[in-house]
Number of protein chains: 2
Amino acid sequence: MSEHLIKQVQLIDNFTDQDISLFLGLLEGSYLLKGEHFLKEGQISRHFAFIIEGLTMLYQIQDGVEIPCEFIKENEWVGYLKSFSTASPSDMNIKALEDTKLLRISAENLTKLFHIQPKFMLVKNYYTEYSFFTNAQHANDLSMLSAKQRYYKFIHENYDLSNRIPQYLIAAYLGIKPQSLSRLRK
Amino acid sequence: MSEHLIKQVQLIDNFTDQDISLFLGLLEGSYLLKGEHFLKEGQISRHFAFIIEGLTMLYQIQDGVEIPCEFIKENEWVGYLKSFSTASPSDMNIKALEDTKLLRISAENLTKLFHIQPKFMLVKNYYTEYSFFTNAQHANDLSMLSAKQRYYKFIHENYDLSNRIPQYLIAAYLGIKPQSLSRLRK
DNA sequence: TGCATTTATTAACAAATGTGAACGGAATGC
DNA sequence: GCATTCCGTTCACATTTGTTAATAAATGCA
């Protein structure tokens, strides 16, 4: 169940079996039904989670409309770093778009982990940078590409996701209205 | 000359005078004349630098036009993390908009620093996250606000910069054409 | 199965921003 | 100091995307 996770961690640095057991021992299984929230605006994020199975989105609400910033699926880490790292109230939401199975770790357990085996800081740092670069790429696409180019790019790079996510969310993710996306698809 | 830098570092964690001397010893003074590059597209970034005095921009080139992603001024760190961390060729450029005085550290010296005093990893991680959050905010503004709102926000939050940066660069930073910015200013 | 709700599509019109071109003034370099 | 280049502004017109509204299709639920 956690082979993917272990594989990913091992790619960043060499960890002993003992390190890995320690890490796994600090994780707890968790579930989200479709539509359930992992984090709501105003809350302080106290967990990060590795998705075993399912799909979630990090999004904000503008004028009553949900604007996805990121879709996070199986074998990826979900969380909102800004709230988690600074222990400040979140200005984002995270909810499940499908029934989702998680392994989550609390902020306290993460601190404990770093204390016992500081090498895990490299893993967190890797994640932070990866997340940064990914976000920056999407932001860049939003400002440099036309709506049509953004849509094609999204479809080509996320063919699997494009069939799991409703179009009005894809539209919002791409920074356009659902009507405009419909127009583009013709 | 480096009091600001020391103050910033001390805010993140407590460092002994010895730690600080070690750190300062790994920095080297450097200068950029207005228009000179700190990093060019295609190069691998091997340095990060703290700006003592001056102004720089991180930018990309699209269809021959310079598009600033970030303006970095005195008492801030300048560099391009994606190229620096992954030692990959840069897809961005960094150049000075004013004559600029720097204290720079090489990737090798940074590694050395982390090895001798791992607590400095917290400083790097702090910078990475700060940079992430700042970038995300700008990206969000670009997609959620109108051109007029973006301009007003920029002017109000960066009044000093707005007089040090030519308008065509501010326009590009805000994702609009210089002509459109002119129109807005009326 | 059938009703209610949500999501997707279409069209006419409006608004914001881009495009290309022209001009004047400022800064720059010789 | 003069010529040149660069920068900011203005205008008319084109293009893209938003807005509003109506309807169709799909989905969820009783």
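So that the names make sense, note that chain A is the first sequence line, chain B the second, and so on, each numbered from 1. Only heavy atoms go into these numbers, but all of them, side chains included; no hydrogens, no water, no symmetry mates.
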Could you check how far CG of A/Asn163 sits from P of C/dT7, rounded to whole Å?
17 Å
Could you run through nucleotides 10-26 of chain C and give me one letter per nucleotide, 5' to 3': B if any protein heavy atom sits under 4.0 Å from the base, S if only the sugar-phosphate is that close, - if neither?
BS-----BBSBB-----
Do A/Tyr80 and A/Ile94 have side chains that approach each other closer than 4.5 Å (heavy atoms only, starting at C-beta)?
yes
note: A/Tyr168, atom OH; D/dA26, atom C1'; distance rounded to Å ~ 13 Å
Determine whether the aromatic ring centres of A/Tyr127 and A/Phe48 lie less than 6.0 Å apart.
yes
Cluster membership besides A/Leu11, Ile/Leu/Val/Met/Phe/Trp/Tyr side chains within less than 4.5 angstrom, sorted by chain and number, is none
Output field: ring centroids B/Phe15/B/Phe23 closer than 6.0 Å:
no
Whole Å only: how far is the CG atom of A/Leu97 from the C1' atom of C/dT7?
15 Å
Send over the distance from A/Lys34 NZ to C/dT6 P, rounded to a whole Å.
13 Å
D/dG8, OP1 or OP2 - any side-chain N/O from B/Arg185 closer than 4.0 Å?
no
Quick one: B/Gln167 CD to D/dT10 P, roughly how many Å, whole number?
11 Å
Do A/Lys82 and B/Glu129 touch side chain to side chain, with heavy atoms closer than 4.5 Å?
no
Measuring only between side-chain heavy atoms, which start at C-beta, is B/Lys73 closer than 4.5 Å to B/Asp160?
yes
